[in-house]
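Data first, discussion second: the structure below is written as structure tokens.
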Amino acid sequence: MPSVFLSPSLQEWNPYVNGGNEEYFMNLVADAIEPYLTASGITYGRNTPTQTLSQAIAESNAGNYDLHLAIHSNAAGSQNSGNIRGTDVYYYPTGAKGKRAAEIIAENYRDIYPLPDRVKTVASSALAELRRTKAPAVLIETAYHDNLADAEWIQENIGAIGRNLAQSIAAILGVPFVDL
């Protein structure tokens, strides 16, 4: 049976410009993904907010997952805070399966993100969830939580983001997507 490890952000210290935090909202996205996975016959594991990143990676590696999906939102940093919008879908540079998964996620995400030309794939060897997981891995930065328009878009589109990512997971794993 195809399987995915969902890894929503563990960063409760990373605030949204309009209230709440990255860990909270990315866990809501993961919650929204799960019913679609179940309906589509995809098993899943998931980190918990009390884990460290190393523990989440170890839990993913202890399973026999076909994909590791890290779910985050982004911040531009102090010099550009609030001025950048977009979505980055990261994959490990030498991982062909991860790159293919990132391309599928980015292509599908362009259907829902309000600025589709700002959805891109990015190779990175710096991110632990790409570098240290045994399953092919993708990390999506859903949008910028320090930009008011992006933060509001995330908060108002939790269900759509979850459905879209579940649809991408089904495509990556080669199973029919069952809509609810």
Side-chain angles (χ1 to χ4, degrees), residues 1-10 16 22-48 56 59-60 63-74 85-92 95-124 127 129-130 133-145 147 149-180:
M1 194 171 240
S3 62
V4 61
F5 188 84
L6 300 176
S7 186
S9 174
L10 299 168
Y16 273 49
E22 182 178 355
E23 180 183 75
Y24 174 76
F25 288 109
M26 295 304 99
N27 271 282
L28 291 179
V29 169
D31 291 345
I33 293 171
E34 289 180 3
Y36 293 103
L37 297 180
T38 300
S40 299
I42 300 168
T43 62
Y44 58 89
R46 180 174 169 177
N47 68 8
T48 64
E59 185 176 342
S60 175
N64 190 26
Y65 296 103
D66 300 304
L67 177 68
H68 178 100
L69 179 61
I71 308 161
H72 288 251
S73 55
N74 215 342
R85 296 187 70 188
T87 300
D88 295 329
V89 186
Y90 290 91
Y91 63 93
Y92 196 74
K97 289 181 180 178
K99 180 179 181 182
R100 178 185 163 274
E103 289 169 348
I104 290 169
I105 290 170
E107 184 64 31
N108 286 340
Y109 208 75
R110 288 182 187 106
D111 292 339
I112 64 166
Y113 184 69
L115 303 168
D117 59 317
R118 294 192 189 176
V119 177
K120 65 183 184 215
T121 60
V122 182
S124 175
L127 300 170
E129 286 188 272
L130 304 179
T133 52
K134 73 177 188 182
V138 173
L139 185 148
I140 182 169
E141 296 279 9
T142 55
Y144 280 81
H145 60 251
N147 176 287
D150 265 8
E152 288 176 345
W153 180 81
I154 290 169
Q155 293 164 338
E156 294 168 4
N157 288 280
I158 297 290
I161 295 167
R163 180 187 179 281
N164 184 274
L165 291 175
Q167 191 172 22
S168 292
I169 292 166
I172 292 161
L173 299 180
V175 300
F177 175 70
V178 176
D179 207 349
L180 302 175

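Basis for what follows: all heavy atoms, side chains included, without hydrogens, waters or symmetry-related copies.
- Listed for the Arg46 side chain is a donor-acceptor partner under 3.5 Å among the backbone atoms of Asn27.
- With Asp150 as the fixed residue, the side chain to side chain donor-acceptor pair (under 3.5 Å) test singles out one of His145, Arg85, Arg118: Arg85.
- Put simply, the residue from Thr121, Ile140, Thr142 that forms a side-chain contact (heavy atoms from CB on, under 4.5 Å) with Thr87 is Ile140.
- Between Tyr16 and Ile154, the closest side-chain pair of non-hydrogen atoms falls below 4.5 Å.
- No side-chain heavy atom of Phe25 sits less than 4.5 Å from a side-chain heavy atom of Ser73.
- The number of heavy-atom neighbours closer than 6.0 Å to NZ of Lys120, taken from other residues, nucleotides and ligands shown, is 12 or below.
- Going from atom CG of Asp66 over to atom NZ of Lys97 covers 8.0 Å, rounded to the nearest 0.5 Å.
- The side-chain heavy atoms of Leu6 and Ile33, taken from C-beta on, include a pair separated by under 4.5 Å.
- One finds the CG atom of Asp111 at 8.0 Å from the CD atom of Gln167 (value rounded to the nearest 0.5 Å).
- Between Phe177 and Tyr36, the ring planes lie parallel to each other; the angle is under 30°, not in the 30° to 60° tilted range.
- The nearest pair of heavy atoms linking His68 to Ser7 is NE2-CB, 3.6 Å.
- No more than 12 heavy atoms of other residues, nucleotides or ligands shown are found within 6.0 angstrom of OH on Tyr24.
- Taking CG from Leu67 and CD1 from Ile104, the interatomic distance works out to 9.5 Å, rounded to the nearest 0.5 Å.
- No more than 12 heavy-atom neighbours from other residues, nucleotides or ligands sit within 6.0 angstrom of CG on Asn64.
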